[in-house]
Asker: 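Dropping a structure here in structure tokens format, bear with me for questions.
Every number for a ligand or one of its atoms is a count from 1 in the order of the listing. When reading the values below, keep in mind they use all heavy atoms of this one structure, side chains included, and skip hydrogens, waters and symmetry mates. Here, residue 1 is the first one in the sequence, and each next residue gets the next number. If you're wondering where the values come from, they're calculated on a predicted model, not measured in any experiment.
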Amino acid sequence: MTPGVRPLIAGNWKMHGLRADGSALARAVAEGAGGGAGAAELLVCPPFTLLREVGAALEGGPVAVGAQDCHAAAKGAHTGDVSAPMLRDAGARFVILGHSERRADHGEGDAAVLAKAEAAIAAGLVPVVCVGESEGERVAGDAEAVVTRQLDGSLPEAFAASGGVVAYEPVWAIGTGRTPTEADIAAMHAAIRARLRARFGEAGGRLRILYGGSVKPANAAPILALENVDGALVGGASLVAADFLAIAAAV
Ligand code: PGA
């Protein structure tokens with residue numbers, strides 16, 4: 001936790017949900033969030049097809065809506081893609097970018113993530129930029145170098161002014177039930193904080209750094225209590241309202 005910074009608990013629904021389940025899940029999260037007086041800000045990121053539906057279910061409440069990716073161009077001949085202004089128009093306030101599943105499945109490198117983050121900020125969205133090492137990179141002792149390189153390559157100049165969020169997600173911890181040790185999470189978050197301060201000055205000291213990768217109700221409290229851990233990016237557990245809310249309550 002960073003003093004004076006409100007933590008963010010973000011749900012990444014990935015490619016899950018049809019209209020009926022998406023609305024029900026969003027409503028259950030909103031009901032559980034009550035008036036939003038909890039310590040954490042809440043965000044859910046459904047697939048594109050559910051943005052309007054989920055936005056309608058959450059309207060006027062404290063839970064924000066985000067998307068999971070955007071194209072770097074505002075419009076154009078890009079069949080199958082969705083632009084940042086389209087997401088904003090559909091009610092999104094945040095967008096996850098550079099998730100390791102996009103980096104792996106779609107070959108997105110740091111330059112692509114940077115361009116998308118610029119587009120997101122230009123459209124008035126807050127970028128949630130994901131970074132994280134593979135298991136081989138950690139075993140080789142390269143985790144910090146990899147994450148530093150991803151940060152340097154993926155974050156645009158306007159990142160701090162936009163209130164951008166960094167999510168540290170070790171690839172090997174995503175969906176596996178495995179997490180780094182608390183000491184390893186704290187060390188990586190400290191390294192990310194140092195890099196953000198070096199690049200963005202004082203503003204870099206206040207940007208939120210989320211941890212992601214197998215966050216569950218049972219392990220959330222000690223992770224969220226670590227210095228420089230300002231919330232969580234939650235995949236699987238965000239699909240069960242009670243689990244997502246329990247993680248938020250662990251802040
Ligand atoms: P997980 O996913 O919580 O299911 O590990 C996290 C993520 O990919 O954002």
Side-chain angles (χ1 to χ4, degrees), residues 7-17 21-22 25-26 29 40-48 50-51 54 63-70 92 94-108 113 116-117 120 125-135 137-138 143 146-147 150-151 154 164-182 184-185 188-189 192 208-224 226 229-251:
L8 175 67
I9 303 296
N12 175 9
W13 292 6
K14 307 193 180 184
M15 197 170 71
H16 292 286
D21 351 306
L25 177 55
V29 170
E41 182 179 359
L42 296 182
L43 166 67
V44 295
C45 300
F48 294 137
L50 298 184
L51 279 174
V54 167
V63 183
V65 185
Q68 300 172 17
D69 179 47
C70 70
F94 292 77
V95 60
I96 298 169
L97 296 172
H99 189 282
S100 64
E101 287 152 16
R102 302 274 333 159
R103 290 179 188 259
D105 296 354
H106 299 271
E108 291 182 8
V113 178
K116 288 174 180 223
L125 296 169
V126 176
V128 179
V129 174
C130 303
V131 295
E133 81 285 355
S134 67
E135 182 151 38
E137 289 163 341
R138 174 155 288 272
V146 167
V147 166
Q150 290 174 334
L151 286 175
S154 307
V165 177
V166 172
Y168 167 56
E169 298 205 306
V171 178
W172 52 273
I174 294 176
T176 60
R178 297 164 58 207
T179 55
T181 63
E182 286 162 27
D184 283 345
I185 295 174
M188 185 63 83
H189 279 241
I192 293 170
R208 291 183 285 199
I209 308 172
L210 312 184
Y211 168 77
S214 297
V215 176
K216 309 285 176 207
N219 63 15
I223 292 174
L224 292 168
L226 296 170
V229 175
D230 308 307
L233 182 54
V234 185
S238 73
L239 297 173
V240 178
D243 288 355
F244 186 63
L245 291 163
I247 291 168
V251 164

Asker: I'd like a table of donor-acceptor pairs (distance under 3.5 Å, sequence neighbours excluded) in which one partner is a side-chain atom from residues 234-241, with atom names and distances.
Answerer:
{"residue": "S238", "atom": "OG", "partner": "V234", "partner atom": "O", "Å": "3.2"}
{"residue": "S238", "atom": "OG", "partner": "G235", "partner atom": "O", "Å": "2.7"}

Asker: Flag the pair R103 and E169 as a salt bridge only when some basic side-chain nitrogen lies within less than 4.0 angstrom of an acidic carboxylate oxygen.
Answerer: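 Answer for the salt bridge query: no.
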Asker: Within the structure provided, determine whether L97 and C70 are in side-chain contact (heavy-atom separation under 4.5 Å).
Answerer: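 Yes - at least one pair of side-chain heavy atoms lies under 4.5 Å apart.
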Asker: May I ask you to decide if D184's main-chain N or O and T181's side chain share a donor-acceptor pair within less than 3.5 Å?
Answerer: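 Yes, the answer is positive, given that a donor and an acceptor are paired below the 3.5 Å cut-off.
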Asker: Decide yes or no for Q68 and H99: does some side-chain heavy atom of the first lie under 4.5 Å from some side-chain heavy atom of the second?
Answerer: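 Q68 does not reach H99 side chain to side chain.
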Asker: Assess H99 for proximity to ligand 1: is some non-hydrogen atom of it under 4.0 Å away?
Answerer: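 True for this residue.
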Asker: Out of A237, G235, C45, indicate the one that has the non-hydrogen atom closest to atom 3 (O) of ligand 1.
Answerer: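 Nearest option to atom 3 (O) of ligand 1, by heavy atoms: G235.
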Asker: Which of these, G132, G212, G175, has its nearest heavy atom closest to atom 5 (O) of ligand 1?
Answerer: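 That would be G175.
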Asker: Identify the closest protein heavy atom to atom 4 (O) of ligand 1: which residue and atom is it, and at what distance?
Answerer: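 Its nearest protein heavy-atom neighbour is G236 N, 2.8 Å.
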Asker: Among all protein heavy atoms, pick the one closest to atom 9 (O) of ligand 1 and tell me residue, atom and distance.
Answerer: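 Residue, atom and distance for the closest contact: E169 OE2, 2.7 Å.
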Asker: In terms of atom number and element, which parts of ligand 1 are under 4.0 angstrom from non-hydrogen atoms of K14?
Answerer: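 Once the distances to K14 are compared, the set is 2 (O), 7 (C), 8 (O).
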Asker: What part of N12, side chain from CB on, backbone N/CA/C/O, both or neither, has a heavy atom under 4.0 Å from ligand 1?
Answerer: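 N12 to ligand 1: side-chain contact only, backbone stays beyond 4.0 Å.
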Asker: Decide yes or no for Y211 and P180: does some side-chain heavy atom of the first lie under 4.5 Å from some side-chain heavy atom of the second?
Answerer: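 The answer is yes, as the side chains (C-beta and beyond) meet within the 4.5 Å cut-off.
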Asker: Donor-acceptor pairs are to be reported for all side-chain atoms of residues 242-249 against protein atoms at under 3.5 Å, with residues two or more places apart or in another chain.
Answerer:
none

Asker: Suppose I only count heavy atoms of G213 and a 4.0 Å limit; which atoms of ligand 1 are within that range?
Answerer: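 This gives 5 (O) as the contact atoms.
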Asker: Judging by distance only, is a nitrogen or oxygen of K216 under 3.5 angstrom from one on ligand 1?
Answerer: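 Min N/O separation from ligand 1 is not below 3.5 Å for K216.
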